Enquirer: 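The structure's right below; bear with me while I get my questions together.
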Amino acid sequence: MSSTDQSPTSNFIRNIIIDDIQAQKYKRPIMTRFPPEPNGYLHIGHAKSICLNFGLAAEFGGVCNLRFDDTNPSKEEIEYVESIQEDVRWLGFDWESRLYYASDYFNRLYDHAVQLIQKGKAYVCSLSADDIRQYRGTLTEPGKDSPYRNRLVEENLDLFARMRNGDFPDGTHVLRAKIDMAAPNLVMRDPTIYRIRHASHHRTGDTWCIYPMYDFTHCLSDAIEGITHSICTLEFENNRSLYDWVLDELEVACHPQQIEFARLNLTYAVLSKRKMIELVEKKYVSGWNDPRMPSISGIRRRGYPPEAIRNFCERIGVARRDSTVDMALLEHCVRENLNDRAPRVMAVLNPIRVVIDNYPEGQVEWLEAPYHPENPQMGSRNLPFSKTLFIEADDFMEDPPKKFYRLAPGREVRLRYAFFIKCAYVVKDEITGKILELHCTYDPETRGGGAPDGRKVKATLHWVSADHAIGAEVRLYNHLFTRPDPDSAKDGTDFKEFINPDSLIPLTDCRLEPALADAASGSHYQFERLGYFCVDTVDSRQTAPVFNRTVTLKDEWAKIRNK
RNA sequence: UGGGGCGUCGUCAAGCGGUAAGACACAGGAUUUUGGUUCCUGCACUCGGAGGUUCGAAUCCUCCCGCCCCAGCCA
């Protein structure tokens, strides 16, 4: 019943792994890792990486580690390590006992740094940060050697030990790899590999006051864990030379292969950590888990199922070219999944009162309605039908255009699983002209929705019984931005200028069929003819339900109407 | 005017010298008690451009054009 995952299409990383396995490059199963820095929440772009790393490992009988790249105590927090684990688990992946932290390797990393010094391949540089930048040169001019570049090994060893001992304040010294100040690749111009930071680390506390840099830590962590394929995004391509240099200089058990792929971009969204933080901090959204955010916690709360995300990640492919995936594909994956599993139910979002003039006052009859017409196994519930109902305001037009075939004066339509009704007349407010209620007649012969005489109606409407419906708030979500590329206005307009004023439309006067009274937190439903909705996990209460619109149904009428 | 990457349908993306998969989107049509679903059909004589090699090129070579990344003691 659940949507089957797409059969994997070829991609260059999978091909590399297949070749490596065929060539018997490794005497053991392949091993990958997902290495987030715990300095923020995960988003859909991370999901691509997670699915890739865990997915490839599973596909080829290997394993994938979860490793926190926690080498910068001033930016990282325990809150993030917890949310990241929750998100990865929610996506459906299991690192079993392989939860690692780069900080677990601080001792070994320190030893490796000492080895580099002993080999004459690293030195303590006492230039200021500013001077280091000056000495680095530019894209077109070579850098020049630091005056500290030729310090003796013994002096370097002593200084580095004292750095570790806390003898120096922040910023006074760094440890640098001695490579080549004239290298055309800036990364190789004697990169800093250790800096002094008198800061408390979320795991090691105050044990250390020097912390290794990414380029030194990451490759060694990969080697320590025995990673075979170290998959990262394109912006690390320049760093690969350094990744390889460190592992070549040091005695390590293995030398993983770094492979870069293009990060995910999505239309109508912004996926950079910096911009997402700005949206949260400046209150453009309610938080990291605002259903409009592309964060994992946001899309979870929005109601996107993990299976849909995984399917999406498989479908977008993996390549090396910069690309922007159409949000419509993500939404398609969500609909495809929810179409199979979501029970159908009726909810009127913008109610308009309908009085059935020929229906007996006070009478109620209960009509059986399946939860999923294509899947009878999902069962059914009974709907109360009575003299006063609500239908959707959009389903009635007093003066309908050509292609509109819902309710209008004199016209007959079907109420789903109930009766045919015909609109007799409209009652309006004498002053404002606003429609107050519709008066209709029903045909008792059409009970259940079928006409014994075989006559047809052009439309079937959803409805609820006024006396039995329960009130609810429904939050309609739309794209957070009005433009597919909020990030890259050619005139440099700030992305926040493109925030969609209609990205959240809260409706507080919605009426739900009574079966929804005990909808579980987070559960998914299709509100017939409207879209997929879920019970909000944060604000919904038994006495005051709140539903989020996950995604609309495809809407042919909306297309016609907009022409 | 340093180095490293990348350019195949509107958007993703296979293809790796033998004559352009697939998906989304879009446009028609059928079925339908959701203008939903499902089902058909259409949608790149052409692969950034120009030359060249070859019986044969998106795939190899040359030149050109465009876009992305790198000057954190961030990752």
Side-chain angles (χ1 to χ4, degrees), chain A residues 6-7 9-11 15 35-37 39 69 71-72 74-75 125 127-129 132-134 136-143 170-176 182-189 191-197 210-211 213-215 217-218 232-241 260 262 267 273 315-333 335-336 339-340 344 346 369 373-374 403-406 414-418 420 446 448-451 456-462 484 526-531 552-561:
Chain A
Q6 213 67 6
S7 64
T9 56
S10 166
N11 73 57
N15 291 344
E37 181 188 12
N39 71 341
D69 219 329
T71 58
N72 187 351
S74 42
K75 293 171 101 177
C125 181
L127 247 23
S128 68
I132 287 182
R133 193 182 322 123
Q134 295 297 327
R136 187 153 30 225
T138 69
L139 294 178
T140 50
E141 305 156 29
D170 288 6
T172 50
H173 307 276
V174 294
L175 184 69
R176 294 227 254 166
N185 180 356
L186 267 39
V187 170
M188 299 298 272
R189 319 245 259 229
T192 299
I193 56 177
Y194 261 93
R195 76 289 215 188
I196 300 171
R197 273 267 200 298
I210 57 171
Y211 292 91
M213 300 283 289
Y214 165 83
D215 286 306
T217 308
H218 203 89
C232 63
T233 44
L234 243 28
E235 67 269 27
F236 291 100
E237 195 164 3
N238 296 312
N239 301 57
R240 190 172 66 230
S241 310
E260 311 87 16
T267 57
K273 215 175 254 184
R315 287 199 198 199
I316 57 178
V318 182
R320 286 177 67 86
R321 85 179 72 151
D322 294 315
S323 61
T324 302
V325 175
D326 196 334
M327 180 72 89
L329 178 58
L330 214 206
E331 293 174 341
H332 168 81
C333 292
R335 286 191 191 100
E336 181 180 65
N339 178 48
D340 287 345
R344 272 58 171 169
M346 291 199 281
E374 274 101 50
K403 294 283 190 54
F404 182 90
Y405 47 81
R406 276 109 99 141
R414 169 168 41 233
L415 293 183
R416 179 142 239 225
Y417 302 127
F420 284 11
T446 57
K456 302 280 188 224
V457 287
K458 292 277 279 180
T460 299
L461 309 186
H462 59 278
Q526 183 197 97
F527 289 177
E528 292 215 37
R529 306 207 305 132
L530 297 173
T552 61
L553 250 29
K554 286 209 277 184
D555 190 349
E556 196 71 21
W557 166 241
K559 280 186 194 171
I560 297 168
R561 186 215 296 135

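Below, read A as the first sequence line, B as the second, and so on, with proteins coming before strands; counting in each chain starts at 1. Keep in mind the model is a prediction, meaning the values are calculated, not measured.
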Enquirer: What contact category does A:E141 fall into here, base, sugar-phosphate, or nothing, at under 4.0 angstrom with non-hydrogen atoms?
Expert: nothing
Enquirer: Report which part of the nucleic acid A:F420 touches: base, sugar-phosphate, or nothing (heavy-atom distance under 4.0 Å, all strands).
Expert: nothing
Enquirer: Heavy atoms under 4.0 Å, any strand shown: does A:R335 hit a base, just sugar-phosphate, or nothing?
Expert: nothing
Enquirer: Hey, is the side chain of A:R197 poking within less than 4.0 Å of OP1 or OP2 on B:C74, counting only N and O atoms?
Expert: yes
Enquirer: Determine the interatomic distance between P on B:A20 and the same-named atom on B:C43; round to the nearest Å.
Expert: 14 Å
Enquirer: Under 4.0 Å, counting only non-hydrogen atoms across every strand here, what does A:K458 touch: a base, just sugar-phosphate, or nothing?
Expert: nothing
Enquirer: Can you check the distance between B:G36 and B:G28, where both ends of the measurement are the P atom (answer in whole Å)?
Expert: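 Result for the P pair: 13 Å, nearest Å.
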Enquirer: Base, sugar-phosphate, or nothing for A:I560, non-hydrogen atoms under 4.0 angstrom?
Expert: base
Enquirer: Roughly, in whole Å, what's the span from CG in A:N239 to P in B:C70?
Expert: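 The distance from CG of A:N239 to P of B:C70 comes to 10 Å, rounded to the nearest Å.
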Enquirer: Quick one, give me the B/S/- string for nucleotides 10-19 of chain B, reading 5' to 3', where B means a protein heavy atom under 4.0 Å from the base and S means that only happens at the primed atoms, P, OP1 or OP2.
Expert: -SSBSS----
Enquirer: Using whole Å, what does the distance between atom P of nucleotide B:G72 and atom CG of A:N72 come to?
Expert: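 To the nearest whole Å, that distance equals 16 Å.
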Enquirer: Whole angstroms only, please: what is the NZ-P distance between A:K554 and B:C39?
Expert: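 Interatomic distance, NZ of A:K554 to P of B:C39: 11 Å.
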Enquirer: May I ask you to decide if A:Y214's main-chain N or O and A:T71's side chain share a donor-acceptor pair within less than 3.5 Å?
Expert: no
Enquirer: What integer number of Å spans the C1' atoms of B:C60 and B:U54?
Expert: 9 Å
Enquirer: When we call it a touch if two heavy atoms are under 4.0 Å apart, what does A:G450 touch: a base, just sugar-phosphate, or nothing?
Expert: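 Answer is base: heavy atoms of A:G450 come under 4.0 Å of a base.
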Enquirer: Do A:E336 and A:R315 meet the salt-bridge criterion of a basic N to acidic O distance under 4.0 Å?
Expert: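 Between A:E336 and A:R315 there is a salt bridge, with a charged N closer than 4.0 Å to a carboxylate O.
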Enquirer: Calculate, to the nearest 0.5 Å, the distance between atoms OG and CG belonging to A:S74 and A:N39 respectively.
Expert: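 If I round to the nearest 0.5 Å, the distance is 10.0 Å.
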Enquirer: So what does A:E528 hit on the nucleic acid, given a heavy-atom distance under 4.0 Å: a base, only sugar-phosphate, or nothing?
Expert: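 The residue A:E528 makes base contact.
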Enquirer: Scan every strand shown for a Watson-Crick or G-U wobble partner of B:C26, both distances under 3.5 Å, and answer none if you come up empty.
Expert: B:G42
Enquirer: May I ask you to verify whether the side chain of A:Q526 and the base of B:U34 hold a donor-acceptor pair under 3.5 Å?
Expert: yes
Enquirer: How long is the line joining CG of A:D555 and P of B:A25, in whole Å?
Expert: 14 Å
Enquirer: Whole Å only: how far is the CD atom of A:E374 from the P atom of B:U32?
Expert: 13 Å
Enquirer: Would you classify B:G72 as syn or anti? Syn applies when the glycosidic angle is within 90° of 0.
Expert: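 Classified syn.
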Enquirer: Which is true for A:I196 with a 4.0 Å heavy-atom rule: it touches a base, it touches only sugar-phosphate, or it touches nothing?
Expert: nothing
Enquirer: Considering just the side-chain nitrogens and oxygens of A:K559, establish if one lies under 4.0 Å of OP1 or OP2 belonging to B:G35.
Expert: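 Result: no.
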Enquirer: Base, sugar-phosphate or nothing for A:Y194? Non-hydrogen atoms, less than 4.0 Å.
Expert: nothing
Enquirer: Test salt bridge (Lys or Arg N to Asp or Glu O under 4.0 Å) on A:E37 and A:K273 and set out the steps.
Expert: CA-CA 11 Å; A:E37 181 188 12; A:K273 215 175 254 184; 5.1 Å; no
Enquirer: Classify the nucleic acid contact of A:R133 as base, sugar-phosphate or nothing, counting any heavy atom under 4.0 Å across all strands shown.
Expert: sugar-phosphate
Enquirer: For the C1' atoms, the ones on B:U41 and on B:U34, what distance do you get once it is rounded to whole angstrom?
Expert: 25 Å
Enquirer: If you measure from the P atom in B:G18 to the same atom in B:G56, how many Å do you get, rounded?
Expert: 15 Å
Enquirer: Rounding to the closest angstrom, what is the interatomic distance between B:A13 and B:A44 at atom C1'?
Expert: 14 Å
Enquirer: Over all strands shown, is A:T71 touching base, sugar-phosphate only, or nothing at heavy-atom distances under 4.0 angstrom?
Expert: sugar-phosphate
Enquirer: I would like to know whether A:R335 and A:T552 meet side chain to side chain contact (heavy atoms under 4.5 Å, CB included); could you show each step before the answer?
Expert: CA-CA 8 Å; A:R335 286 191 191 100; A:T552 61; 3.5 Å; yes
Enquirer: Between A:R320 (side chain) and A:E260 (backbone), is there a donor-acceptor pair under 3.5 Å?
Expert: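 Looks like yes, one N/O pair under 3.5 Å.
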Enquirer: Could you tell me how far B:U46 sits from B:G4 if I compare only their C1' atoms? Round to whole Å.
Expert: 30 Å
Enquirer: Taking atom P of B:C74 as reference, at what distance in whole Å does atom CD of A:E37 sit?
Expert: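 Taking atom P of B:C74 as the reference, CD of A:E37 is at 10 Å.
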Enquirer: Can you tell me how far C1' of B:A71 sits from CD of A:Q134, to the nearest Å?
Expert: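 For the pair A:Q134 CD and B:A71 C1', the rounded distance is 11 Å.
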Enquirer: Considering every strand and a 4.0 Å limit on heavy-atom distances, what is the contact class for A:F236: base, sugar-phosphate, or nothing?
Expert: base
Enquirer: To the nearest 0.5 Å, what is the distance between CZ on A:R189 and CG on A:L186?
Expert: 4.5 Å
Enquirer: Tell me whether the OP1 or OP2 atom of B:G72 has a side-chain N or O from A:R136 closer than 4.0 Å.
Expert: yes
Enquirer: Measuring only the P atom in each nucleotide, how far is B:G22 from B:C63? A whole number of Å is fine.
Expert: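 Here B:G22 and B:C63 have their P atoms 36 Å from each other.
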Enquirer: Decide, applying a 5.5 Å centre-distance limit and a 30° plane-angle limit (both strict), whether A:Y214 stacks on B:A75.
Expert: no
Enquirer: Using whole Å, report how far CD of A:E235 lies from P of B:C6.
Expert: 15 Å
Enquirer: Identify whether any heavy atom of A:L175 sits under 4.0 Å from a base atom; if not, whether one sits that close to sugar-phosphate; answer base, sugar-phosphate or nothing.
Expert: nothing
Enquirer: Can you check ring pair (Phe, Tyr, Trp, His ring centres under 6.0 Å) on A:Y405 and A:W557, steps first, answer last?
Expert: CA-CA 10 Å; A:Y405 47 81; A:W557 166 241; 7.7 Å; no
Enquirer: Any side-chain N or O of A:H462 below 4.0 angstrom from OP1/OP2 of B:U34?
Expert: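 Answer is no, no contact under 4.0 Å.
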